K.L.:
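After the structure tokens below, expect a handful of questions from me.
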There are 2 protein chains.
Amino acid sequence: MSTPPSSDKDTQRRRAKPPGVGNPPVETAAAILEAAEQLFIDKGYAGTSVRAIATKAGVNLASAHYHFGSKAGLLGAVIHLRVAPANEERERRLDALERETPNPSVEQILEVFFSTLALDGVAATLPRLIARLYGEPESVSQPLIEREFGAVSRRFLAALGAAMPDVDAEVLAWRFYFMIGAMIHMLAFEGPHTMDPAERRSEDSLRRLLEFAVAGITNGVPRAPEEK
Amino acid sequence: MSTPPSSDKDTQRRRAKPPGVGNPPVETAAAILEAAEQLFIDKGYAGTSVRAIATKAGVNLASAHYHFGSKAGLLGAVIHLRVAPANEERERRLDALERETPNPSVEQILEVFFSTLALDGVAATLPRLIARLYGEPESVSQPLIEREFGAVSRRFLAALGAAMPDVDAEVLAWRFYFMIGAMIHMLAFEGPHTMDPAERRSEDSLRRLLEFAVAGITNGVPRAPEEK
DNA sequence: GGGTTGTTCAAACGTTCGTTTAAATCGTAC
DNA sequence: GTACGATTTAAACGAACGTTTGAACAACCC
């Protein structure tokens, strides 16, 4: 059952092993991560079995525990693999914006925040992965969310606060938090028209989301005061 | 193991049966629904076992299948039990608004939409239940979402369209959909400050959500044209 | 009373779960 | 070539899963 037939029938499985040639260890771990990511997205964490991951990756069942310790550890690794680079890029772009523009507008800040959703390498999976993470019970999701998003959220919240000095910090935090909800929702579920996952990250969708978010965050007063 | 000790120690369990006195059937089904609802909220659908539900409800394991056919059927029943009354009330209130006000504003319409979140009898559980439902894989959630929310969503979308005749229908649908995301997010997760579940439905939270939604839906042009 | 219907019960069905084990196999350094 | 650490393997662990079964039980009609 667990020995795949000699004919590797599709691209889903890891390369068929030439007899006697071992695979570099990194490949097994990478294959597990990739398969786990896809399945977590499609079925959720509780709905995905380690066996299904191992089968999809074309590796032995025990390899998942060997490399990642446990199913929960595997989830953490999958999340971190995708989220960390995207967040680093987010911060890098915000740094650049603040360097080039003395008083960046809310729209500019949010554009940076959303732009990473369309990054190559993360765009194909990250958004839905995040959305799924938020859908898990809080005991699973909360520690990971804080670990992965805590710092970057505070960073952007501070930048928005600087762009809107008249808005109370707590009020702003609420609006930011609603905005996150709108984003997660767009990434996770079908829009008003049926969309395939690629469509969900299209320029068009992101532009609409940006427009909505700017209006909500500024409460319909999009222009930052020219001078304070 | 499955026979509870004679001392019914808390309110969680069904009433201890006086020997020889059968319970009306409705009580068993209701106890199952109540327990299932709580567990689906806390652990999600895949994360909840029928055994856990039966134990929490203080009923036999087989009763869940007897009354609801399957675990999926039980989920459907739980969702419908809470959602249907809330949606009926939503439509009733919208009817009343449209009857009393010739051209209701976006804010008035959204206030009606959100107000049912604070209804007695549904407020304690419905919001988190909805949020959890949205977190499940689409194969589980999508049919239920369409069945339970399809009609009422189209109804409110039409009302919003009437209040904003200048806005393209597709654009409005997107904004409505973002708004749903913000709502779900607020109901499901901790806000910018740690909240207990009751806090999530407080007047304060709903007011902030309403403000955000009005700004987003109108794109910062809250006033409907006085006359067209 | 007997028969019928609806419900609850303990027990078990086969399957799948996350995890562990111990042997086999690898590349590499000696 | 042999010893060694790192990795993969087949197999099994006990537990939990959704579901089914058939007997017991309660209440009602006649």
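Per chain, numbering begins at 1; letters A, B, ... match sequence-line order. Every value quoted in this text rests on a predicted model; they were computed, and no experiment measured them.
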K.L.:
Of the options dT20(C), dC9(C), dG18(D), whose atoms approach the side-chain atoms of A62(A) most closely?
P.N.:
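Per side-chain heavy atoms of A62(A), the pick is dT20(C).
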K.L.:
For dT8(D) and H67(A) - does any side-chain N or O of the residue sit under 4.0 Å from the phosphate oxygens OP1/OP2?
P.N.:
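For dT8(D), OP1 or OP2 has a side-chain N or O of H67(A) closer than 4.0 Å.
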K.L.:
Base, sugar-phosphate or nothing for A64(A)? Non-hydrogen atoms, less than 4.0 Å.
P.N.:
nothing
K.L.:
Choosing from dA11(C), dC9(C), dT19(C), which nucleotide comes nearest the side chain of L61(A)?
P.N.:
dT19(C)
K.L.:
Students often mix this up, so state it plainly: with edges at 30° and 60°, are the rings of F113(A) and F176(A) parallel, tilted or perpendicular?
P.N.:
perpendicular
K.L.:
Rounded to the nearest 0.5 Å, how far apart are CZ of R93(B) and CD1 of I109(B)?
P.N.:
15.0 Å
K.L.:
From NE2 of H65(B) over to P of dG22(D), roughly how many Å is that when rounded to an integer?
P.N.:
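Rounded to the whole Å, the gap is 17 Å.
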K.L.:
Go through it in stages, so that I can follow the logic: the residues are L110(A) and L160(A), the test is side-chain contact (heavy atoms from CB on, under 4.5 Å), and I'd like the CA-CA distance, side-chain angles, deciding distance and then a yes or no.
P.N.:
CA-CA 8 Å; L110(A) 291 183; L160(A) 288 171; 4.2 Å; yes
K.L.:
Measure the distance from CZ on F68(B) to P on dG18(D) and round it to the nearest whole Å.
P.N.:
15 Å
K.L.:
Could you tell me how far apart Y66(B) (OH) and dT7(C) (C1') are, to the nearest whole angstrom?
P.N.:
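Atom-to-atom, Y66(B) to dT7(C), this comes out as 5 Å.
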K.L.:
For dC17(C), does either OP1 or OP2 sit under 4.0 Å from a side-chain N or O belonging to S49(A)?
P.N.:
yes
K.L.:
Is the Lys NZ or Arg CZ of R208(B) less than 6.0 Å from the centre of F178(A)'s six-membered ring, within 45° of the axis?
P.N.:
no
K.L.:
Would you list the protein and nucleotides 13-15 of chain C atom pairs, both N or O, that sit under 3.5 Å from each other?
P.N.:
none

